[in-house]
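Everything on this sheet refers to the single structure shown next.
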There are 2 protein chains.
Amino acid sequence: MMTTIASPEQLRRLIRAKSFANPTTGQAGGYLQGNLAILPKAYADDFLGFCVNNPKPCPLLGVSRPGERGIAALGEDLDIATDVPFYRVFAGGSQRNRIEDLSADWRDDLVSFVIGCSFSFEESLQRARIPVRHIEAGRNVPMYVTNIETRPSGPFHGPLVVSMRAFSPADAIRAIVLSDRQPLAHGAPVHIGDPAQIGIKDFDNPEFGDPPVVAPGDIPVFWACGVTPQMAIRNAGPDIAITHEPGYMLVTDVPAEGASIGLNAAH
Amino acid sequence: MMTTIASPEQLRRLIRAKSFANPTTGQAGGYLQGNLAILPKAYADDFLGFCVNNPKPCPLLGVSRPGERGIAALGEDLDIATDVPFYRVFAGGSQRNRIEDLSADWRDDLVSFVIGCSFSFEESLQRARIPVRHIEAGRNVPMYVTNIETRPSGPFHGPLVVSMRAFSPADAIRAIVLSDRQPLAHGAPVHIGDPAQIGIKDFDNPEFGDPPVVAPGDIPVFWACGVTPQMAIRNAGPDIAITHEPGYMLVTDVPAEGASIGLNAAH
């Protein structure tokens with residue numbers, strides 16, 4: 001049976017002490033969790049530009065100063081290098097997974113970007129008694145590469161990736177309204193209805209995640225997804241890039257509702 | 001060329017002086033306009049209950065005291081019996097249209113209900129550069145009788161009537177978010193997508209208004225409509241009922257955005 005930790009600070013402390021090694025979904029309810037992207041300073045300005053150009057897939061929760069492991073606006077005590085259960089380190093052409101601590105990999109030129117994710121808005125849907133079908137089915141959300149291009153910045157470019165959740169039409173309307181209130185968790189959807197209109201050719205076989213769960217009469221709803229910046233980073237090809245292990249997010253002290261873009265960056 | 005009057009008070013004064021006899025759409029921008037329903041006191045409590053039971057089709061802007069022609073919360077100077085360009089009077093089994101002044105028909109037991117309409121939210125869509133296709137085509141909005149029953153109150157009952165506007169999927173998402181901010185103008189839609197799911201059998205031939213205007217790739221979006229209470233009144237069959245002539249609304253001093261249900265009733 002999984003423990004639920006209510007306080008983001010307490011959860012980060014447990015993760016730091018290696019006493020919590022589960023996915024962070026459902027933990028520290030009501031607070032924003034973030035995708036982590038760590039890049040060398042030489043790439044930081046262009047990546048910051050990419051996030052600013054594409055706020056729906058890349059809502060910026062915070063940016064560190066070069067070499068610094070803290071972002072005070074996201075949590076007084078927060079330590080980027082220890083407060084995520086598992087990291088992925090891409091360096092020198094190889095990839096190391098499920099790294100528990102970044103201290104050995106840390107460099108003075110690393111800049112950390114924290115980008116909002118959809119966990120907190122899925123929590124709002126569930127609180128509003130709107131069924132989130134992939135969660136009920138115990139699956140990962142399906143994610144698709146679209147034919148919509150992001151606005152590039154320097155070497156960062158690539159397609160918009162979307163996640164899909166299907167609802168009855170009445171619930172889809174409520175999900176649109178509720179998600180719009182969380183611009184830092186990707187905000188309102190980018191598309192509803194026919195997948196082919198955004199270049200999705202094989203709806204049943206998403207590029208990432210699990211196959212979709214759709215009930216009769218459902219309408220598919222598509223949100224911008226945090227995989228978008230990961231694809232852009234791969235396209236830019238920096239000598240080092242560090243991300244979180246999917247599902248193991250950075251938990252922040254920023255309330256999910258009422259926060260807005262631009263208030264939390266400490267760069 | 002049509003004059004545009006910015007102030008609701010000035011517009012009401014012109015209407016009262018019989019110097020303005022046009023539809024009120026596009027006038028007094030940013031202020032709520034209302035459907036008018038005037039009923040004898042014997043029916044008023046049940047109709048009030050009908051509106052409370054069905055806030056999406058019947059968002060109450062204001063209710064008068066019996067016999068009184070003013071509703072101060074909607075406008076200090078407002079006179080229900082003179083401030084609408086044209087009225088319809090249903091009495092003794094007959095119907096008189098385009099009545100300019102209700103003074104001769106007024107009774108001490110009449111109660112006036114002012115119910116929000118969609119004009120102010122269509123104005124928001126246009127300000128947001130979202131094409132409203134029936135307006136661009138110079139048509140009336142299409143309206144459909146659905147298979148969704150309203151929650152009855154005394155003799156007032158009947159189906160939910162909806163209006164339809166079609167948009168590109170991206171604009172539909174924005175229209176949903178924008179209309180949700182105006183609960184007194186019918187709020188967020190009640191349905192999107194397949195018309196058959198809410199019992200609409202002949203999409204091209206709406207029960208009221210003009211045939212739909214739909215562009216390739218559009219998704220239809222359905223809002224609760226002010227024709228709903230009119231059908232419920234017909235079903236209740238009071239000895240007298242007075243409404244506005246369609247398109248000629250009561251213009252109020254209530255700002256369209258930021259107002260919410262329950263703040264403006266003076267009953």
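Per chain, numbering begins at 1; letters A, B, ... match sequence-line order. Below, each value reflects all heavy atoms present in this structure, side chains not excepted, and no hydrogens, waters or symmetry copies.
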- Is B/Arg174 salt-bridged to A/Asp180, going by a charged N under 4.0 Å from an acidic O?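 No, no charged N to carboxylate O under 4.0 Å.
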How about [X]: does its [atom1] atom have over 12 heavy atoms from other parts shown lying under 6.0 Å from it?
{"X": "A/Arg151", "atom1": "CZ", "result": "no"}
{"X": "A/Arg234", "atom1": "CZ", "result": "no"}
{"X": "B/Tyr31", "atom1": "OH", "result": "no"}

- Distance col, row B/Ile219:CD1 vs A/Ile219:CD1, nearest 0.5 angstrom, shows 3.5 Å
- Query: Do A/Val221 and B/Ile173 have side chains that get closer than 4.5 Å, going by heavy atoms?
  - Reply: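 A/Val221 vs B/Ile173: side chains apart.
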- Contact origin within B/Ile192 toward chain A - heavy atom pairs under 4.5 Å: both
- Message: Using a 4.5 angstrom heavy-atom cutoff, name the option from B/Ala172, B/Ala170, B/Ala188, B/Gly217 with the most pairs to chain A.
- Response: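 Looking at each of B/Ala172, B/Ala170, B/Ala188, B/Gly217 in turn, B/Gly217 comes out on top.
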